[in-house]
Protein chains: 2
Amino acid sequence: MRVLIVDDEEEVASFIKSGLEDYGIVADTAADAIIGQKMMAEKSYTSVILDINLPIINGYEFCQIIRERYRDVAILMLTALGSTEHKLTGFDVGADDYLVKPFEFRELMARLRAINRRRAVGPIESVVLKMADLELNVKSKEVRRGNRKLTLTARELALLEYFMKNPNKAMTRAEIAENVWDVSFDTGTNVVDVYVNYLRKKIDKDFSPKLIHTLSGIGYIMKEDET
Amino acid sequence: MRVLIVDDEEEVASFIKSGLEDYGIVADTAADAIIGQKMMAEKSYTSVILDINLPIINGYEFCQIIRERYRDVAILMLTALGSTEHKLTGFDVGADDYLVKPFEFRELMARLRAINRRRAVGPIESVVLKMADLELNVKSKEVRRGNRKLTLTARELALLEYFMKNPNKAMTRAEIAENVWDVSFDTGTNVVDVYVNYLRKKIDKDFSPKLIHTLSGIGYIMKEDET
DNA sequence: ATCATCCCATGCGTGTTTTGATTGTCGACG
DNA sequence: CGTCGACAATCAAAACACGCATGGGATGAT
């Protein structure tokens with residue numbers, strides 16, 4: 001995920017930028033639409049956070065330009081203009097969401113996530129993957145369940161990461177093997193079974209609810225609810 | 001576009017409903033999540049407008065349920081709870097947008113349009129196959145009829161999936177055998193009959209209407225209406 | 001050299017799948 | 001009106017595959 005912030009107020013822009021970076025999201029800033037346009041030509045952004053009161057070209061016009069050229073970029077308008085008329089115009093020119101200043105950063109973040117959630121192939125790449133009380137920090141490779149810290153081996157970790165990135169999805173052994181062992185699956189081995197077993201011993205054995213479930217004849221699935 | 005409004009305040013719900021209908025959008029209302037769930041099982045909605053303060057099951061929980069089962073439905077939360085915490089929770093459970101009461105109808109309309117426009121971009125194939133109140137989530141392999149969860153074996157599941165992907169189509173045993181057992185049909189076995197029987201026991205026996213029908217001399221057909 | 005990690009092979013118990021025989025249903029025809 | 005035959009539904013035992021556990025060997029790191 002790469003975000004472009006277009007705002008002529010220096011403070012606001014850098015405040016958002018540093019906030020996003022705390023979440024591991026790359027962010028660039030642009031003071032006006034002309035600069036913004038150039039940056040979008042150079043790099044490909046997943047989202048744009050856009051002010052309306054901009055010098056030269058205003059936010060509405062810029063929004064239309066983006067929509068035309070980069071059809072699938074998520075656009076979030078962030079402005080002091082809070083009247084319904086303004087909002088309607090914003091959505092009219094193609095914004096995906098509209099947030100009024102002053103704002104809480106956490107809400108901005110949540111809205112940004114929401115508009116990206118659909119578009120992206122997988123869910124937004126959050127640094128911390130969560131399911132029930134199990135957490136996996138992809139960056140630090142730290143795994144904890146409840147308040148217990150767990151130590152996994154490299155392979156166990158890769159497997160868990162794959163599971164957590166595909167929650168509620170039934171997966172065959174072949175699928176898992178190809179993604180976690182990244183060799184085309186050599187039939188006649190049961191590594192997957194063995195490692196699922198290892199994982200279970202560490203993350204499920206002493207806890208509840210169980211997260212890794214077996215689907216007989218199909219494979220495995222990671223999900224929260226029992227059965 | 002078909003919208004479901006879940007709100008226990010009668011006035012609000014019907015206000016929105018009639019507003020949407022002015023725009024030629026079909027809208028249904030449900031007073032609580034249980035009713036809402038049933039309606040979603042029967043018809044397929046593009047969007048849900050969801051209150052949080054609901055009797056029995058609150059909006060957050062219902063939102064999660066919807067997200068799980070109907071991945072590609074747009075959810076807009078509409079509630080009096082305006083704190084950032086509430087909003088965050090809303091987005092956390094999978095809402096696409098969050099609007100605080102009191103609201104202007106025009107803004108609701110604009111936001112509804114925005115979240116649907118966005119969703120239409122990527123062709124997300126529906127993962128939930130439906131017929132009457134029977135649902136098969138192809139991704140998680142979960143099968144439910146009404147609100148009962150059913151457990152099928154791998155072969156039963158494959159058969160059901162084949163049936164549901166070819167609704168209202170008469171199919172011979174040979175056709176079924178080739179697709180579900182993927183061996184060229186060894187005449188002289190009655191596996192198909194046996195498994196249709198197993199399936200019926202699980203998905204049709206205690207329910208109505210019956211979905212799997214026998215065509216004597218031809219084969220089987222899956223369809224909703226009796227005969 | 002020692003240790004942890006990773007992968008493979010084997011065997012067992014259990015649930016699933018298949019088979020083959022029996023029972024049930026319905027229409028045609030004597 | 002009863003019988004027969006074709007077809008479908010049901011049943012239960014047998015064959016089979018699947019998933020899980022375990023021990024041990026190969027590999028690589030310290």
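Since the structure is predicted, the reported quantities are computational estimates derived from the model, not experimental observations. Quick note on labels: first sequence line is chain A, next is B, and so on, each numbered from 1. The analysis underlying the following values was restricted to heavy atoms, covering all of them including side chains, and did not include hydrogens, waters or symmetry mates.
Interatomic distance, CD1 of B/I52 versus CG of B/L50, reported as 7.5 Å (0.5 Å rounding).
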Report task. For nucleotides 11-16 of chain C, just jot down a letter per nucleotide in 5' to 3' order: B, S or -, based on protein non-hydrogen atoms under 4.0 Å. Result -> -----S

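With salt bridges taken as basic N to acidic carboxylate O contacts below 4.0 Å, one links A/E21 and A/K17. Electrostatic pairing of A/R111 and A/E107 counts as a salt bridge here, judged by a charged N lying under 4.0 Å from a carboxylate O. With salt bridges taken as basic N to acidic carboxylate O contacts below 4.0 Å, none links A/D96 and B/R117.
Considering only the side chain of A/T214, D/dC20 comes nearest among D/dC11, C/dT18, D/dC20. Distances from the side chain of A/D193 to the nucleotides D/dA9, C/dT19, D/dC20 place D/dC20 closest.
Here the P atom of nucleotide D/dA8 and the CD1 atom of B/I212 are 15 Å apart, to the nearest Å. When rounded to the nearest whole Å, the span between CG of B/N197 and P of C/dT17 equals 15 Å. Rounded to a whole Å, the CZ atom of A/R200 is 10 Å from the P atom of D/dG19. B/L215 has its CG atom 12 Å from the C1' atom of D/dA8, to the nearest Å. Look at CG on B/D204: it is 18 Å from P on D/dA8, rounded to the nearest Å. Rounded to a whole Å, the CG atom of B/L199 is 13 Å from the P atom of D/dT10. Spacing between atom CZ of A/R173 and atom P of D/dC20 amounts to 7 Å, rounded to whole angstrom units. Atom pair B/I218:CD1 and D/dC7:C1' shows a separation of 13 Å (rounding to whole Å applied).
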Side chains of residues 127-135 of chain B: which donor-acceptor pairs under 3.5 Å do they make with residues two or more places apart or in other chains?
from, atom 1, to, atom 2, distance (Å)
B/K130, NZ, B/M40, O, 2.5
B/K130, NZ, B/K43, O, 3.2
B/D133, OD1, B/R145, NE, 3.0
B/E135, OE2, B/Y70, OH, 2.6

Requested in this report: Dump the intermediate steps for side-chain contact (heavy atoms from CB on, under 4.5 Å) on B/K202 and B/L160, then the final yes or no.
Outcome: CA-CA 11 Å; B/K202 294 191 178 175; B/L160 179 62; over 6 Å; no

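For the pair B/K201 and D/dC11, the criterion of a side-chain N or O lying under 4.0 Å from OP1 or OP2 is met. The side chain of B/T189 places no N or O atom within less than 4.0 Å of a non-bridging phosphate oxygen (OP1 or OP2) of C/dT18. For the pair B/W181 and C/dT18, the criterion of a side-chain N or O lying under 4.0 Å from OP1 or OP2 is met.
Below 30°, between 30° and 60°, or above 60°: for A/F15 and A/F103 the angle between ring planes is between 30° and 60°, a tilted geometry. Between B/F91 and B/Y98, the ring planes are tilted. Angles from 30° to 60° get that label.
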Could you list the protein-to-nucleotides 24-30 of chain D atom pairs, N/O on both sides, closer than 3.5 Å?
none

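Among the protein residues, A/L159 comes within range of no part of the nucleic acid, since none of its heavy atoms lies under 4.0 Å from any strand. Heavy atoms of A/V194 sit under 4.0 angstrom from at least one base atom.
No more than 12 heavy atoms of other residues, nucleotides or ligands lie within 6.0 Å of NZ in B/K38, so this atom counts as exposed by the packing criterion.
Scanning all heavy atoms of the two residues, the minimum distance from B/Y45 to B/L4 falls at CD2-N, 3.6 Å.
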